[in-house]
Amino acid sequence: MTKKAPFVVGLTGGIGSGKSAVADLFASHGVPVVDTDQIARDLTVAGGAAMADIVVAFGPQFALADGSLDRAAMRARVFGDEAERQRLNAILHPRINAESRRQIAASCGPYVLLVVPLLFETGGYADLCQRTLAVDCPEWMQVARVTARSGLAADQVRAIMTAQMPRDARLAQADDIVDNSGSLSSLALAVAEKHHDYLTLAAA
């Protein structure tokens, strides 16, 4: 008997919107989470599957002494340079996509949460997702959260936000929206409601 393809909910949101908090709350309900950011990190650790190609394409100066990616140097190299960013994406994105599909196929659960920060921008996961969920909060809150956690300056955070899909366009494209401008308890209630909805949809 062929295994039924899992029901996949694609989770997205702008930088600092709270995707990780939402993913953790879904995981607390027993939902398998496939996180493309984590896959990207795994590909670029020492010995990661993408590191050899990155060193060939960009040079050994983009690897730290332990062999992992120098993220700060790479961020400085590709940010604002579309050609360089595309060159990096050509190395990483096919591997991230393939590993995401492998993890989804291997997952066991009522449905799968696929976390893709640039879900609508890349378009590479549209065939996988039966439903999309955007995490949302005011833009000033995104800036405040990212500066507090990362040490990036506010203008750097705004520049990253500008490179992402505009907030209004993201919300218009999403099937569902979860508001993360309030308390963690409010967010937990909102996620619990969505979880109930997705259980129903996945069982249909």
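Index from 1, following the sequence.
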* Closest heavy-atom contact between Val112 and Pro6? -> CG2-CB, 3.9 Å
* Asked: What distance do Asp176 atom CG and Leu11 atom CG have between them, rounded to the nearest 0.5 Å?
  -> 11.0 Å
* Structure fact -> CG of Asp179 to OG of Ser17, rounded to nearest 0.5 Å, is 11.0 Å
* State the CZ-OG1 distance between Phe120 and Thr132, to the nearest 0.5 angstrom. => 4.0 Å
* Going by heavy atoms in the side chains, are Glu99 and Ile96 under 4.5 Å from each other? -> no
* **Minimum side-chain heavy-atom gap Ile54-Met74 below 4.5 Å** => yes
* To do: Group every Ile, Leu, Val, Met, Phe, Trp and Tyr by side-chain heavy-atom contacts under 4.5 Å, then state whether Leu201 and Val22 land in the same group.
  => yes
* State, to 0.1 Å, how close Gly18 and Arg145 come at their nearest heavy-atom pair, and which atoms those are. => N-NH1, 4.3 Å
* Distance in Å, Thr12 OG1 paired with Tyr125 OH, rounded so as to fall on 0.5 Å steps -> 11.5 Å
* To do: Can you measure from NZ (Lys19) to CG (Asp24) and round to the nearest 0.5 angstrom?
  => 12.5 Å
* To do: Please go through Ile177's hydrophobic cluster and name the other residues, only I, L, V, M, F, W, Y counting, with side-chain heavy atoms under 4.5 Å joining them.
  => Leu171
* To do: Please confirm whether the backbone N or O of Val115 pairs with a side-chain atom of Thr36, one donor and one acceptor, at under 3.5 Å?
  => yes
* Does Gln164 reach the main-chain N or O of Ile15 with its side chain, forming a donor-acceptor pair under 3.5 Å? -> yes
* Please say whether the positively charged group of Arg87, taken as NZ for Lys or CZ for Arg, lies over the ring of Phe58, i.e. under 6.0 angstrom from the six-membered ring centre and within 45 degrees of the axis. => yes
* Asked: Going by heavy atoms in the side chains, are Leu133 and Phe26 under 4.5 Å from each other?
  -> yes
* Shared hydrophobic cluster, Val33 / Leu25 (ILVMFWY, side-chain heavy atoms < 4.5 Å) -> yes
* Structure fact -> Here the gap from His93 atom NE2 to Leu88 atom CG, rounded to the nearest 0.5 Å, amounts to 7.5 Å
* Asked: Going hydrophobic residue to hydrophobic residue with side-chain gaps under 4.5 angstrom, can you get from Phe7 over to Val31?
  -> yes
* Asked: Looking only at heavy atoms, what is the nearest atom pair of Ala50 and Leu92, with distance?
  -> CB-CD2, 3.7 Å
* **Heavy-atom side-chain contact between Tyr111 and Leu199 under 4.5 Å** => yes
* **Cluster overlap Tyr198 with Leu128, hydrophobic side-chain contacts below 4.5 Å** => no
* Asked: Between Leu64 and Leu69, which heavy-atom pair has the shortest distance, and what is it?
  -> CD1-O, 3.8 Å
* Side chain proximity check, Asp127 to Arg101, heavy atoms < 4.5 angstrom -> yes
* **same_hphob_cluster(Met165, Leu119) at 4.5 Å side-chain heavy-atom cutoff** => yes
* State, to 0.1 Å, how close Gln130 and Val8 come at their nearest heavy-atom pair, and which atoms those are. => OE1-N, 2.6 Å
* Taking every non-hydrogen atom, the tightest pair across Arg158 and Val143 -> CG-CG2, 3.9 Å
* Going by atom types only, do Arg71 and Thr44 share a side-chain donor-acceptor pair under 3.5 Å? -> yes
* **Ser150 side chain reached by Gln156 side chain, heavy atoms, under 4.5 Å** => no
* **side chain to side chain contact (heavy atoms under 4.5 Å, CB included) assessment of Asp70 paired with Gln61** => CA-CA 8 Å; Asp70 185 335; Gln61 68 271 29; over 6 Å; no
